[in-house]
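Below is one structure; the comments refer to it alone.
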Amino acid sequence: MILDCAIIGGGPAGLTAGLYATRGGLDNVTMFEKGMPGGQITQSSEIENYPGVTGEITGMDLMIPWPAQCQKFGLVHAMVNVTRVTKSGDLFTIHKEDGTTTDAHSVIIGTGSSPRRAGFKGEDELFGKGVSTCATCDGFFYKGKEVAVVGGGDTALEEALYLAKICSKVYLVHRRDAFRSAPNTVNRIKNTPNIELVLNSVPEEVYGDATGVTGLKVKNKEGKIRDIKVPGVFTFVGNDVNNETLIQEDGTFLCEMNNQGQVMVDLGMRTSVPGLFATGDMRVEAPKQVVSAAGDGAVAALSAISYVDELLN
Ligand code: FAD
Ligand code: NAP
């Protein structure tokens, strides 16, 4: 069977593409998502900027109804890791980790982005043993204890606020003295008594013993080292685009990319390859928001419907 549309990634972009593609009349639409659908927002402790959703809700709460809504209109979820997307003639092939392949007339890709490592000593060795990139997942382990958060963007500040509700104290370590975050969030940080700002400072080394992390050494602008004794270090230093599935056997990308590895698209989310659409965090100039990723998914599905219609009729 040849799919009308293969969707790669089941975050807000992929799920919305699935909803619009199936409701819009495409037959045989499968969403290939390697884990549980929902995407990276399911790791967020709070989302307050999705329109129409008020009150304190977690990213997981927001995403729970999305897959069922799509499945109602016929979207199939295949839980598998896609390793590569190729195109021969008019036909795309989805290559999967289990060794099987699926052919499709069109592809909507929305594989998002993944947390970046900050690159300080001990970070890799102690990852999962006290170093974490997910406060909602791991914050509870540090209930009543002190932790450090590294980063100065929206994610670091929002997750520091979340951790400050669970932990006795949060050291917010940032390499500058200005934050890359919404002013409202910065104000909340400054008004939270158990958050100590450790500014103009970079992590030098996280260290520990058999029990896991026991401390983080940070160096300030003057070169002075401060030893912060904490059992947990949360790093939120940005994301890298998940574009591996577009890399071909010869090492080139299937479609045009920019020098940051983001997919070039037009306003219809069309890439340089006819029938291939890119959405959400992985596309050029992405606002990196749930609402915009969802919007991209809807736009891409509408473009895919027109493309498939023209191709087959
Ligand atoms: P993702 O959500 O990254 O989804 C991509 C999906 O693709 C994932 O489920 C992944 O498993 C899957 N995938 C990847 N590679 C493969 C593969 N090879 N095969 C199969 N499946 C694959 N945005 C807001 O609007 N408001 C907020 O308050 C907010 N808070 C955030 C807090 C945190 C902690 C984080 C990390 C992000 C936050 N964001 C927030 C940003 C928001 O989560 C993203 O912009 C949005 O999730 C992007 O959606 P996406 O569908 O493009 O990608
Ligand atoms: P980000 O905006 O790229 O911020 C990364 C932060 O980490 C920056 O403060 C950066 O410092 C710092 N940093 C980077 N590399 C570092 C290193 N090696 N060592 C120490 N510090 C380092 O990433 P993000 O906060 O994850 O946000 C990603 C996107 O998602 C943004 O567009 C953001 O607006 C969006 N987002 C939105 C919301 C929301 O709307 N509520 C919530 C979360 C995320 P510098 O500032 O010095 O560069």
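For reference, positions follow the sequence shown, starting with 1. In listed order, ligands and their atoms are each counted from 1. Scope of the values below: all heavy atoms of this structure, side chains included, with no hydrogens, waters or symmetry mates.
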**Asked** Counting each atom of ligand 2 from 1 as listed, which ones have a heavy atom of G152 under 4.0 Å away?
**Response** 6 (C), 7 (O), 8 (C), 9 (O)
**Prompt:** Do any nitrogen or oxygen atoms of E33 come within less than 3.5 Å of a nitrogen or oxygen of ligand 1?
**Reply:** yes
**Request:** Check each heavy atom of F236 against ligand 1 and say whether those closer than 4.0 Å belong to the side chain, the backbone, both or neither.
**Result:** neither
**Region of I41 engaging ligand 1 - heavy atom pairs below 4.0 Å** = both
**Asked** Are any non-hydrogen side-chain atoms of L3 and F32 less than 4.5 angstrom apart?
**Response** yes
**Item:** atom 20 (C) of ligand 1 - nearest protein heavy atom and its distance
**Value:** K34 N, 3.3 Å
**Item:** Same apolar cluster: V29 and I108, side chain cutoff 4.5 Å
**Value:** yes
**Message:** One residue to check: A286. Relative to ligand 1, which of side chain, backbone, both or neither has a non-hydrogen atom less than 4.0 Å away?
**Reply:** neither
**Item:** Numbered atoms of ligand 1 (with element) below 4.0 Å of G110, judged on heavy atoms
**Value:** 5 (C), 6 (C), 7 (O)
**Item:** Nitrogen or oxygen of G38 less than 3.5 angstrom from that of ligand 1
**Value:** no
**Prompt:** Are Y162 and F234 close enough that their ring centres sit under 6.0 Å apart?
**Reply:** no
**Prompt:** Under a 4.0 Å heavy-atom limit, does I47 contact ligand 2 with its side chain, its backbone, both, or neither?
**Reply:** neither
**Prompt:** Can you tell which of R176, H174, R116, R180 gets a heavy atom nearest to atom 1 (P) of ligand 2?
**Reply:** R180
**Complete:** Correct closest heavy-atom pair for A300 and T279 would be CB-CG2, 3.4 Å
**Request:** Can you sort out which atoms of ligand 1 are near V290, meaning under 4.0 Å from one of its heavy atoms?
**Result:** 23 (N), 24 (C), 25 (O), 42 (C)
**Prompt:** Which of the listed options, C134, A294, P12, holds the heavy atom that is closest to atom 50 (P) of ligand 1?
**Reply:** P12
**Prompt:** Under 3.5 Å, N or O to N or O, is Q289 touching ligand 1 that way?
**Reply:** yes
**Asked** What part of A293, side chain, backbone, both or neither, has a heavy atom within less than 4.0 angstrom of ligand 1?
**Response** side chain
**Message:** At under 4.0 Å between heavy atoms, is it the side chain or the backbone of D154 that contacts ligand 1, or both, or neither?
**Reply:** neither
